[in-house]
*Asks:* 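Pasting a structure here, questions to come.
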Amino acid sequence: MLLCTALWGKLPGGLLTLKFWAVQNRSRMLSSLPVAAVCQMTSTPDKEANFTVCERLVEQAKEGGASMVFLPEGFDYIGSSREETLHHSESLDGDIITRYTHLARKLNVWLSLGGFHERGHDWKYDQRIYNSHILINGQGEIVSVYRKGHLFDVELTSKAVSLKESAFTIPGPRLLPPVQTPIGKVGLGVCYDLRFPELSSALQRHGAEILTYPSAFTVVTGTAHWEVLLRARAIETQCFVIAAAQVGAHHAKRTSYGHALAIDPWGVVLGDCGGSDVGVAMVQIDLQGLHDIRRDMPVLQHQREKEYYSSLD
């Protein structure tokens, strides 16, 4: 069930805040289900400006009753060149993540920070980074760091899309077990990981109830594939799927599709932030409904042994 979508950018701040509160307060009285907030933003190379936007989104989400807030890939920044991207990168104990741990603790809210530019372990020697998805609990503690495993190396020449993430990014070595959070067990991915159903299936087999894919999809690939892929992952795993997103022009060379989405285990879109504005969608996470779907259609129990699926190899 969608609680509300609060978008700010076109309307005066006061009017928008009143609208947000009116919908939120009414919704909170109707249910005690946990609430997640999926955010949409337009990162630039300006790290300070990006943090100001994210801080406001997190504060709005907390005021609306969210116990966990999801920010997109590149929430820290999106650079305009390889050199700028590497120059702005930090370690996990650097200024940016320290500020987010303080924010989580101050507001007592969990944060999903998807797509942090983390300096690699051999930074001094190879100047390469990880694309890292960080979970921070309400006490401001880092509880999980997943490093993106599938890197976006794509040359769509007919559609003017050319990105090679591996030129400066190290692929993560492994999946991580789902994390118990106030809204359920969350399994971590990042953006391009969405295209690999083996990842989502592995997370579901290890207890995931919610899959999350913080992203910065291109307009071309987003228009064609974004919603259908997210809904497919939700349906086949019978999980909630939460996908924070970047939207709009980050700089002269790059624009993102937007449409941050939250989807239920039946494949129904619960919240959509649209394709133009910064904003946050608030959704209730009904875990009993999830378990009812899994009981009535026990897909996991119907899976055959591993040898069956490898019998063509």
Side-chain angles (χ1 to χ4, degrees), residues 36 38-41 43 50 54 68-79 85 88-90 92 96-97 100 110-120 128-136 142-154 163-179 181 185-204 206 208 210-218 221-222 225-227 229-230 232-234 237 239-247 250 254 256-263:
V38 56
C39 297
Q40 181 162 287
M41 66 181 295
S43 287
N50 297 333
C54 290
M68 188 164 185
V69 183
F70 294 79
L71 292 171
E73 182 181 35
F75 68 94
D76 49 351
Y77 64 92
I78 292 182
T85 297
H88 284 331
S89 65
E90 298 184 17
L92 290 175
I96 286 293
I97 298 304
Y100 279 100
W110 281 61
L111 298 178
S112 161
L113 308 177
F116 170 66
H117 297 83
E118 180 197 0
R119 292 188 173 182
R128 287 162 63 81
I129 61 175
Y130 292 108
N131 188 339
S132 299
H133 186 165
I134 302 164
L135 285 193
I136 301 173
I142 295 175
V143 295
S144 188
V145 180
Y146 165 70
R147 296 175 173 96
K148 183 180 181 182
H150 301 95
L151 302 184
F152 190 69
D153 286 2
V154 174
L163 288 168
K164 189 170 184 179
E165 192 174 15
S166 66
F168 52 87
T169 304
I170 309 164
R174 65 184 66 85
L175 299 181
L176 295 182
V179 177
T181 77
K185 276 195 167 184
V186 176
L188 305 182
V190 178
C191 200
Y192 193 50
D193 285 334
L194 171 62
R195 293 183 181 271
F196 300 88
E198 300 88 350
L199 182 149
S200 58
S201 295
L203 292 173
Q204 190 251 25
H206 285 81
I210 300 153
L211 302 174
T212 182
Y213 298 98
S215 297
F217 254 56
T218 69
T221 56
H225 302 148
W226 175 244
E227 181 177 323
L229 283 171
L230 290 167
R233 298 296 86 84
T237 63
C239 286
F240 285 92
V241 172
I242 296 177
Q246 293 283 348
V247 67
H250 308 291
R254 187 168 175 185
S256 290
Y257 177 65
H259 291 281
L261 294 179
I263 300 166

*Asks:* Could you tell me how the ring of Tyr77 sits relative to the ring of His88: parallel (under 30°), tilted (30 to 60°) or perpendicular (over 60°)?
*Replies:*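 Perpendicular: the ring planes of Tyr77 and His88 meet at over 60°.
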*Asks:* How close do Cys191 and Ser215 get, heavy atom to heavy atom, and via which atoms?
*Replies:*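 In terms of heavy atoms, the two residues are closest at CA-OG, 3.2 Å.
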*Asks:* How close do His250 and Ser256 get, heavy atom to heavy atom, and via which atoms?
*Replies:*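 Here His250 and Ser256 meet closest at NE2-OG, 2.7 Å.
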*Asks:* Let me see the working for His150 and Leu199 under side-chain contact (heavy atoms from CB on, under 4.5 Å), right down to the final yes or no.
*Replies:* CA-CA 10 Å; His150 301 95; Leu199 182 149; 4.1 Å; yes
*Asks:* What are the two closest non-hydrogen atoms of Ile142 and Val145, and how far apart are they?
*Replies:*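 In this case the closest contact between Ile142 and Val145 is CG2-CG2, 3.6 Å.
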*Asks:* Tell me whether Arg128 contacts the main-chain N or O of Thr169 through its side chain, where contact means a donor paired with an acceptor under 3.5 Å.
*Replies:*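 Indeed, once roles are kept as given, a pair shorter than 3.5 Å links the two residues.
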*Asks:* Between Leu261 and Trp226, is the side-chain contact (heavy atoms from CB on, under 4.5 Å) condition met? List the steps.
*Replies:* CA-CA 9 Å; Leu261 294 179; Trp226 175 244; 3.8 Å; yes
*Asks:* For Arg254, give me all partners under salt bridge (Lys or Arg N to Asp or Glu O under 4.0 Å), at least two apart in sequence or on another chain.
*Replies:*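 Not a single residue meets the salt bridge (Lys or Arg N to Asp or Glu O under 4.0 Å) criterion with Arg254.
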*Asks:* Do the non-hydrogen side-chain atoms of Asn131 and Tyr192 ever get within less than 4.5 Å of each other?
*Replies:*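 SC-SC contact between Asn131 and Tyr192 ruled out.
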*Asks:* Could you grab the distance from atom CZ of Phe116 to atom CD1 of Ile97, nearest 0.5 Å is fine?
*Replies:*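 Reported value, rounded in 0.5 Å steps: 4.0 Å.
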*Asks:* So how far is it from Phe75 CZ to Ile134 CD1, rounded to the nearest 0.5 Å?
*Replies:*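 Between Phe75 CZ and Ile134 CD1, I get 5.5 Å after rounding to 0.5 Å.
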*Asks:* Under the salt bridge (Lys or Arg N to Asp or Glu O under 4.0 Å) rule, what pairs show up with a residue in residues 70-79, not counting sequence neighbours?
*Replies:*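 Listed by first then second residue: Glu73-Lys148.
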*Asks:* First locate atom SG of Cys239, then atom CG of Leu203, and finally report the distance between them rounded to the nearest 0.5 Å.
*Replies:*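 It is 8.5 Å, given to the nearest 0.5 Å.
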*Asks:* Measure the CG-OG1 distance between Leu229 and Thr221 for me, rounded to the nearest 0.5 Å.
*Replies:*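 The OG1 atom of Thr221 is 9.5 Å from CG of Leu229, to the nearest 0.5 Å.
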*Asks:* Testing Val143, Val186, Ile136 one by one against Trp110 for a side-chain contact (heavy atoms from CB on, under 4.5 Å), which residue passes?
*Replies:*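 The passing option is Val143.
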*Asks:* Looking at Gln40 and His259, would you say the former's side chain and the latter's main chain have a donor-acceptor pair under 3.5 Å?
*Replies:*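 Checked: pair present.
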*Asks:* Might you point out which heavy atoms bring Ala208 and Leu211 nearest each other, and give the distance in Å?
*Replies:*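 It is CB-CD2, 3.9 Å.
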*Asks:* Taking all non-hydrogen atoms of both residues into account, name the closest pair between Pro72 and Ala244 and its distance.
*Replies:*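 Result for this residue pair: N-CB, 3.5 Å.
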*Asks:* Taking Gln246 for the side chain and Ser43 for the main chain, is one N or O donor matched with an acceptor at less than 3.5 Å?
*Replies:*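 Looks like yes, one N/O pair under 3.5 Å.
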*Asks:* Are any non-hydrogen side-chain atoms of Leu188 and Ser144 less than 4.5 angstrom apart?
*Replies:*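 Side chain of Leu188 against side chain of Ser144, heavy atoms only: contact under 4.5 Å found.
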*Asks:* Do the side chains of Leu194 and Leu230 get nearer than 4.5 Å, heavy atoms only?
*Replies:*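 Contact flag for Leu230/Leu194 side chains = yes.
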*Asks:* Test your reading of the model: is there a side-chain donor-acceptor pair from Glu165 to the backbone of Leu151, 3.5 Å cut-off?
*Replies:*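 Not a single qualifying donor-acceptor pair exists.
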*Asks:* Do Ser112 and Leu135 have side-chain heavy atoms sitting under 4.5 Å apart?
*Replies:*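 A side-chain contact under 4.5 Å exists here.
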*Asks:* Looking only at atom types and distance, does a side-chain atom of Thr237 sit under 3.5 Å from a main-chain N or O of Arg233, one as donor and one as acceptor?
*Replies:*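 Checking the backbone N and O of Arg233 against the side chain of Thr237, a donor-acceptor pair under 3.5 Å is found.
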*Asks:* Does any non-hydrogen side-chain atom of Glu118 lie less than 4.5 Å from one of Arg147?
*Replies:*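 The answer is yes, as the side chains (C-beta and beyond) meet within the 4.5 Å cut-off.
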*Asks:* Can you see which heavy atom on Cys39 is nearest to which on Ala260, and at what distance?
*Replies:*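 Between these two residues, the closest heavy atoms are O-CB, 3.7 Å.
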*Asks:* Find out whether Leu175 and His206 are in side-chain contact, i.e. whether some heavy atom of one side chain is under 4.5 Å from a heavy atom of the other.
*Replies:*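 Of all side-chain heavy-atom pairs linking His206 with Leu175, none is under 4.5 Å.
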*Asks:* Any side-chain heavy atom of Thr212 within less than 4.5 Å of one from His133?
*Replies:*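 SC-SC contact between Thr212 and His133 confirmed.
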*Asks:* Looking at CD1 of Ile96 and CD of Glu90, how far apart are the two atoms once the value is rounded to the nearest 0.5 Å?
*Replies:*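 Interatomic distance, Ile96 CD1 to Glu90 CD, rounded to 0.5 Å: 5.0 Å.
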*Asks:* Kindly compute the distance separating CE (Met41) from CG (Leu71), expressed to the nearest 0.5 Å.
*Replies:*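 It is 7.0 Å, given to the nearest 0.5 Å.
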*Asks:* Show the numbers, then the answer: is there a ring-ring contact (aromatic ring centres under 6.0 Å, His included) between Phe217 and Tyr257?
*Replies:* CA-CA 6 Å; Phe217 254 56; Tyr257 177 65; 7.8 Å; no
